[in-house]
Structure formats: structure tokens, C-alpha cells
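Read the structure below first, then the notes.
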There are 2 protein chains.
Amino acid sequence: MTLPATENAPAENTAVENAAIESPATESPGDDLIELLFFAYRDFVGDPDRILAQYGFGRAHHRVLHFVDRYPGLTIAELLDILRITKQSLNRVLKDLIEQDYIVQKTGTSDRRQRLLFCTERGTALAGDLIRVQTRRVTRALADPEDGILEVGTSEDKSSASGASSGKSSEGGTVSAQNFLLAMIEPEERATVRRLMARRARSAA
Amino acid sequence: MTLPATENAPAENTAVENAAIESPATESPGDDLIELLFFAYRDFVGDPDRILAQYGFGRAHHRVLHFVDRYPGLTIAELLDILRITKQSLNRVLKDLIEQDYIVQKTGTSDRRQRLLFCTERGTALAGDLIRVQTRRVTRALADPEDGILEVGTSEDKSSASGASSGKSSEGGTVSAQNFLLAMIEPEERATVRRLMARRARSAA
DNA sequence: TGAAATATGTCAATAACACTGACATAAACC
DNA sequence: GGTTTATGTCAGTGTTATTGACATATTTCA
């Protein structure tokens, strides 16, 4: 990420670097989380994307493979309900995965209309590779002290976080969720995101 | 969501309903978070989608409008870097938003090559509507006691969560991040997600 | 048993969102 | 004045999704 913040921003963002993100009173406490969720998810799906590209698969294939791997015997209907797509969309990617021997279908025993889905050895292997990179990111986000996730709120002030109380520290989960999502972002880009969000915080002050 | 879990699952999922999600020792502590992130994000973008559809806009329009609204004066290059798309992709949606008077471009003052982006009144209004529904979800996720977000870890056991310690309660942020994401899921579907994930937990036990 | 509902599969057309590659213009930089 | 930078645009393509219609096998139930 190469946001030329120092050039384009008003120019006084120097010490904000490592400061915690602070919300001005004009905003809801969850506003930062909305953007952090976007950035976290962006990087979260970026890891597997690189692996999938080598196999000629996309995110849709990943989602199917993931859920079939983790919930063996899943039916088509269940999968459709999880993924929230149409059966036509599912069929396209499922066909790929079956033809290339990553997933197999078995006729249901109690209800022979159902097609129970299972991963083959190949499928399990790929699913494992994919979940590994994602687990690594999540685990690091939960564990790395530098990422500040350990500064979990000590349960003081459990009374909601709805009002615009503008505090920057622990209030009932805000901070830990915020830190978790921030830590999910690619390390080299975390500073850029902090810088960007600090820019908004300042302009609204 | 209408996963017919009771029908299709082995049939013994009765008391799991309100239980906290428990990870078997064979898995990484972040494994649940991977799926929760998927479900949370799915519902998170679902709210604005419904509004956007009424305007004939999609998610791409939303993202552009959101960032321009919150960071007025953003340049094209900055936006491209935030969204991680090509300028061709950006231009398609940006053109829509400009033509329909949601966003305006102003030539940069210090660098006249730049096009600084700003929301019009219309743009701010729509962006406000969109952020409102998302803030509502996030705020509720942070505040609602029934969602269990208040059971934030009391900073006991700060020593990472990397090992497969299989505990279900507070260890350095795991629970609060998990509860936050779970609370982000559409309430009526939370039970279904819990049921699904419990299904895996059981089978691996 | 036979009609209705269910689970799945498939054909066809379309849309949203992304990509690559190539090329053009204006302004800044040196 | 030549190079780089910021932006815009044309053309073609790919992935993922959609709607609508229809087909098949199986289960359910009256």
C-alpha cells in the first residue's frame, strides 16, 4: 500500500502514527469498526486468493471447498443457505471442484434425493492450505502483543458503548474488536490505515 | 435463513442452542473466527445492499461513496489504493456517481493534475443513510448484553492464544472478537450459525 | 396408488464488478 | 524541453452473481 498520505494530507500528521484511533464526538463509536471491517476483510480474503489463483480457482470455489471440508456430508440445500447464492451459481463452481476431484457427491442414505458433499484427499489438502494462511493471520491478530490486542478492556464500564462517549480506551469490547480488526490488516499497511483514519478524526475535531 | 439443521443433522442438537462455541483440540483457536468473519461480513454488507438496490447502485458505488464522504478531498490515486481496484473499475462507478450528482470533482489547488473528490448534498445524504444501517448493526453488536459481548476477558491469561488450549472462555481477546462477530450476524440467523458450528465441534470431539 | 411437494440439475440470457493492455491529455518536475 | 505523474478512456475478457424456465428422481401424504 502506498497511499502518499504525507503528500496529500494537510501535512501535519507526524505523531499520530502509533496513537490509538480516536473518535470525535460527532460520530458513532462503531464508525471506525465499519471501515476496519472493510480493510480486515480485504486482507483476509487476499491470502487465499493468491493460492487459489495457482489452481485456477476463485473465491467462490474457496467458500464451497471450505464449508464442505469443515462440515462433511453437507447437502446442496444447506450449502446454498450458508452461501446465500442460487443453485445455478453454486453448480458452476461445484462442477469444477467435482470434475477436478476435490469434492465428491454421495447419495443420501435416509433421503436418496440428497447429494451429500465430501472432500477428497486432494480437496482436504487444498482446504488445509487455505485455512492455514487464514488461521495464521487470525492467530497473529489474537496473539501478537505489538498489535495491541492484549489491551483488552478490563470490564470496567460494562454499560454499553452506544452514546458518543468519545473515549479512546476500553469500553465494553469496542477496543478489543477494533484492535482485532486492525491486527487483521496486513502489517505493512496498518500504518497507512491508521494514518487515513487519523486524518478523518482530525478534520472532524 | 432456513437451514433445516434439525432434519439434516445427526439429530442430537438440542441443548447446544445457547451454548458458547467451543473449539475441539484439533483446531486452531482462530478457526471459528474465520467462519464468523464470513457470516458477519455477509450480513454486514447485506444491510446497505437493500438501500443501494433502490438507487440502482451496487457495492462498488457504496465503497466509493463511503470513503469520499468520510475523507473529503480524497484523490483518485488514494481511492484506488484504498479500494485496491484498477482505475478502469473505479471510473465506471465513479462516473455513475458524478453523473447522478452524488459526487463532484474539483481540480487540486497545489497540484492541478489531481481531481479531489467531494460529496454533494445528495451524496452526503445517501452516505448517511448507508452508514446508519451499518452503525446500527455494529452498535448493537457492541452493546446488546444478550449478545454476550460484555463477557469480555478480564485480562487473565494474557499469554497468547496460539496453542490449542481448547478453553471456551476469555483468553486474550478470543472471546470478545468472537462474540462481536457473532453479534454482527443477523439475529434470526445467529442460532443457525451456532447450530452449524456446534455440528462441527461435535463431530471433531 | 397417484398427486403434490421436495432436492437437485441444467439451459439460456443478463448484470455487476473486476481484470489486462493500449493509448491520450494535462500538469508538474528537473 | 524531455520525463514523470495523475487522470481518463477504449476495447476485450473473466468471474461471480442473477432471473426464469424446465427436467428428473424421490419422498410424502391423502
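Keep in mind that this is a model prediction, so the values were computed, not measured.
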Evaluate the criterion side-chain contact (heavy atoms from CB on, under 4.5 Å) for residue pair A:Asp31 and A:Glu35; output intermediate values, then yes/no.
CA-CA 7 Å; A:Asp31 281 11; A:Glu35 277 163 45; over 6 Å; no

side-chain contact (heavy atoms from CB on, under 4.5 Å) for B:Phe39 and A:Ile82? Distances and angles first, verdict last.
CA-CA 8 Å; B:Phe39 289 116; A:Ile82 289 171; 3.9 Å; yes

In B/S/- notation, 5' to 3', how is nucleotides 7-19 of chain D contacted by protein heavy atoms closer than 4.0 Å?
BBBB-----BBBB

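In this structure, B:Gln134 has no side chain to side chain donor-acceptor pair (under 3.5 Å) partners at least two apart in sequence or on a different chain. For the side chain to side chain contact (heavy atoms under 4.5 Å, CB included) test, no residue two or more places apart in sequence or in another chain qualifies with A:Thr109. In this view, A:Asp43 and A:Arg137, A:Ile185, A:Glu186, A:Glu189, B:Arg84 satisfy the side chain to side chain contact (heavy atoms under 4.5 Å, CB included) rule, not counting sequence neighbours.
Rounded to an integer number of Å, the gap from CG of A:Asp49 to C1' of C:dC17 is 14 Å. The interatomic distance linking B:Leu52 (CG) with C:dA15 (P) rounds to 19 Å, in whole Å. The CG atom of A:Asp111 sits 8 Å away from the C1' atom of C:dT6 (whole-angstrom rounding). Here C:dT8 presents its C1' atom at 12 Å from CD1 of A:Ile98, a figure rounded to the nearest Å. As a whole-Å value, the separation of A:Lys106 NZ from C:dT8 P is 16 Å.
Within the structure, every pair that satisfies the salt bridge (charged side-chain N to carboxylate O under 4.0 Å, His left out) test and touches residues 94-111 of chain B, not counting sequence neighbours, is listed here: B:Asp111-B:Arg113.
None of A:Tyr41, A:Phe44, A:Phe38 except one satisfies the ring-ring contact (aromatic ring centres under 6.0 Å, His included) rule with B:Tyr41; the exception is A:Tyr41.
A:Leu126 contributes atom CG, which lies 8.5 Å from atom CG of A:Leu97 (distance to the nearest 0.5 angstrom).
One axis for each end of the helix from C:dT1-D:dA30 to C:dC30-D:dG1, each built from five base pairs, and the angle between them comes to 30° at 10° resolution.
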